[in-house]
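Data first, discussion second: the structure below is written as structure tokens.
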Protein chains: 2
Amino acid sequence: MRDVARAVEMSPMTVSRALRGDETVNEKTRDRIRRVAADLGYVYDSTAQAFRTQKSGFVAVVLPSINNANFAETFRGLSDALTGSGVQLLLGSTNYRLEKEEELVGQLLTRNPEAIVLTGGHHTDVTRKLLENAKIPVIEIWDLPPDPVGHVVGFSNADAMSLIVQHLVRQGRRKLAFVGAAAGSDMRGVARRDGVIAAATALDLTQVAQIDAGPAPVSMRHGAEVVVKLGPAIATYDALVCVSDPVAFGVLNECRRLGIKIPDDVAITGFGHFEIAAVSSPRLTTAGVHANKIGRKVAGVLQDIFAGETSAQWIDVGSELVLGETS
Amino acid sequence: MRDVARAVEMSPMTVSRALRGDETVNEKTRDRIRRVAADLGYVYDSTAQAFRTQKSGFVAVVLPSINNANFAETFRGLSDALTGSGVQLLLGSTNYRLEKEEELVGQLLTRNPEAIVLTGGHHTDVTRKLLENAKIPVIEIWDLPPDPVGHVVGFSNADAMSLIVQHLVRQGRRKLAFVGAAAGSDMRGVARRDGVIAAATALDLTQVAQIDAGPAPVSMRHGAEVVVKLGPAIATYDALVCVSDPVAFGVLNECRRLGIKIPDDVAITGFGHFEIAAVSSPRLTTAGVHANKIGRKVAGVLQDIFAGETSAQWIDVGSELVLGETS
DNA sequence: TTGAAAGCGATACCAA
DNA sequence: TTGGTATCGCTTTCAA
């Protein structure tokens, strides 16, 4: 900046103002400074700015996995909505592990982000303390935590599952199995399983079977493997309620290979309304979640925060039953 | 840091050293300082460090889209391999647009990244100039640019397509159609189309038909729509060479709905070896690319760079023909 | 093994 | 409309 100042024979202060578009700098001067800066190949140093102003221009985002269409879509919604706002997203992923989240949050906070977005409402005690001490806005997404740290943009995984169970029961199906990761690894999976059990209990169903598909993240392959392992016996259930669409798709394909009729012999449902649900044949019955909308709503919350809003927001984006041909 | 220093009655300098694990600080002193810092809820300021040392600890990564399993997988491979190295990834996505890339690169460079990773070898002139002026290592991935800016970790999209075309021709198929985005939007798509045409020409095939599936990113839906539009006439081709697995899957599903026999009436091939290729039924013939490996190789290049290696690396991770049941 | 001084590049604040 | 000065929190360098 000093070099630019020398070149235009003005003070660095004026250059600083000009480059930021400060209106108090004469317009012609501003243009000239900008042109000279560009000619010199000057690159503005955001680090120095962040240091001086104590405003990093970063928002930290913690996702369980980036390689998941729905989380990626949330990130995209957020990213797109923030385009042009000058905010940069610092992304970290936890591989569905709370300890990794703790480490990540610690690292991210040293970057002095202006807000932090976390997936889910479950955190380690250390993480929670870090967040509370950080004195920056915290936004928990993809869940409706009973005791949120700050803002919330999510939906109830249990309620979404309840929609599915009620639908299946209306069809006269009573013997359900939940196909998902074993307890503990992915809290959203656990919430979905609990939602199924709660809904089943409320409707006086026989106990819901639980079919473990391995540790999160569970995917198409795991769904298929479950069916391979159980074989035709899997059709003794009335419905296979899967923790996600990819799992459901894997289950579906393998069932068809075995000659099991879907949905006549057994219904299959997914979760997430991934693209695969819509294009698979037969289409999957699933729970539609609004991944992109979560991202955009988070952007809205951030904009409110930057505009000075202080009250904690609680946004339930809801979910919906998406009827397919597998139930 | 001054507060911590006061609390332990030492100089900030010693605290700084202790927190970074400098061995010249007495071990007991180090532990005490660390404990006190934690008790005080002190959070290290990476911004100040980055400012003072002129080392940001950032590596910038530019992807066309984060909502694409393969790019996401590359990011994950890179991210995983960099875990614990103290490097943070600054992610930006271009939505397959070079102008967006230009803007993004400009923004990212102000953060003073220690290296920048770009997808593809095509950039605007301005982008290229920015990169050359930045004097930081540049790694282009997912392509083998004829005139790389710096390092390269990729594969030849054209060669991969050539493998597919040769395979189809060995089966006696001669009337090919390429299904992909219209020219210009996604350079990888263009490279694949050109690869098909070149391979077909080399094998004396009749002209390759080009079926536009809309602007990138093209997905399952677009593949399906192409078939809906053309109807049963699509089976007059011997093979539908699709720009990606999602597109191929959409094409496949819609063909089956129309009663077209795959691969008897027409072969279908994808690109990318996405999970969908393996679990679809029939499985897709596709080109296997090593997305995760690209990420890990990039991490390796970065580690070499940080270790002082200066020579530009050129890594071809290759691709392979993955035989499925659609050809 | 520890400490003092200087400075990274921007901007807040005050002055002209 | 423009400029001077101090300073953000850390680390490099030199000294003790």
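Numbered from 1 within each chain, the chains take letters A, B, ... in sequence-line order.
Within the 4.0 Å cut-off from OP1 or OP2 of D:dT1, not a single side-chain nitrogen or oxygen of A:Thr24 is found. Side-chain N/O atoms of A:Arg2 include none lying less than 4.0 angstrom from OP1 or OP2 on D:dG3. Contact check, A:Thr14 against D:dT2: no side-chain N or O comes under 4.0 Å of OP1 or OP2.
Rounded to whole angstrom, the span from the CG atom of A:Asp22 across to the C1' atom of C:dC13 amounts to 14 Å. Across the protein-nucleic acid pair, B:Asp3 atom CG and D:dC10 atom C1' stand 14 Å apart, rounded to whole Å. Distance B:Arg111 CZ to C:dA10 P: 13 Å, rounded to the nearest Å. With rounding to whole Å, A:Gln54 atom CD is found 14 Å from C:dG9 atom C1'. In this entry the distance linking NZ of A:Lys55 with C1' of C:dA10 reads 15 Å, nearest Å. Taking atom CG of residue A:Asn112 and atom C1' of nucleotide C:dA10, one finds them 15 Å apart after rounding to whole Å.
The 5' end of DNA chain C is approached more closely, in terms of each residue's nearest nucleotide, by B:Met10 than by the other of B:Met10 and B:Thr53.
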Heteroatom pairs (N/O) under 3.5 angstrom, protein to nucleotides 13-16 of chain D:
none

Could you list the donor-acceptor pairs under 3.5 angstrom formed between side-chain atoms of residues 290-299 of chain A and any protein atom two or more places apart in sequence or on another chain?
from	atom 1	to	atom 2	distance (Å)
A:Asn292	OD1	A:Arg296	NE	2.6
A:Asn292	ND2	A:Glu73	OE2	2.6

Show every donor-acceptor pair shorter than 3.5 Å between a side-chain atom in residues 135-142 of chain B and any protein atom, with sequence neighbours excluded, or say none if there are none.
from	atom 1	to	atom 2	distance (Å)
B:Glu140	OE1	B:Val149	N	2.8
B:Glu140	OE2	B:His123	NE2	2.7
B:Trp142	NE1	B:Thr74	OG1	3.0

List, one per line, each side-chain donor-acceptor pair under 3.5 Å for residues 28-37 of chain B, sequence neighbours excluded.
from	atom 1	to	atom 2	distance (Å)
B:Arg30	NE	B:Val25	O	3.3
B:Arg34	NH2	B:Leu19	O	3.3

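For a distance-only test at 3.5 Å, the side chain of B:Arg20 fails to qualify as a donor-acceptor partner of the base of D:dT11.
Relative to the side chain of B:Met1, the nucleotides D:dC10, C:dA10, D:dG3 differ in distance, and D:dC10 lies closest. Comparing atom distances between the A:Arg52 side chain and each of D:dG3, D:dC10, D:dA6 picks out D:dA6 as nearest. With distances taken from any side-chain atom of A:Phe51 to the nucleotides C:dG9, D:dT11, D:dG3, the minimum falls on C:dG9.
Near DNA chain D, meaning a heavy atom under 4.0 Å from it, residues 25-46 of chain A has A:Val25, A:Asn26, A:Thr29 in order of number.
Residues meeting the side-chain contact (heavy atoms from CB on, under 4.5 Å) test with A:Thr24, sequence neighbours left out: A:Arg17, A:Asp22. The side chain to side chain donor-acceptor pair (under 3.5 Å) search around B:Asn133 returns none, not counting sequence neighbours. Take A:Asn26 and apply the side chain to side chain donor-acceptor pair (under 3.5 Å) test, not counting sequence neighbours, and it matches no residue. Under the rule for a side-chain contact (heavy atoms from CB on, under 4.5 Å), the partners of B:Lys55 that lie at least two apart in sequence or sit in another chain are B:Thr53, B:Glu114.
B:Phe71 does not carry B:Arg76 over the face of its six-membered ring by the limits of under 6.0 Å from the centre and within 45° of the normal. For the pair B:Arg20 and B:Tyr44, the cation does not sit on the ring face, since its NZ or CZ is not both under 6.0 Å from the ring centre and inside 45° of the axis.
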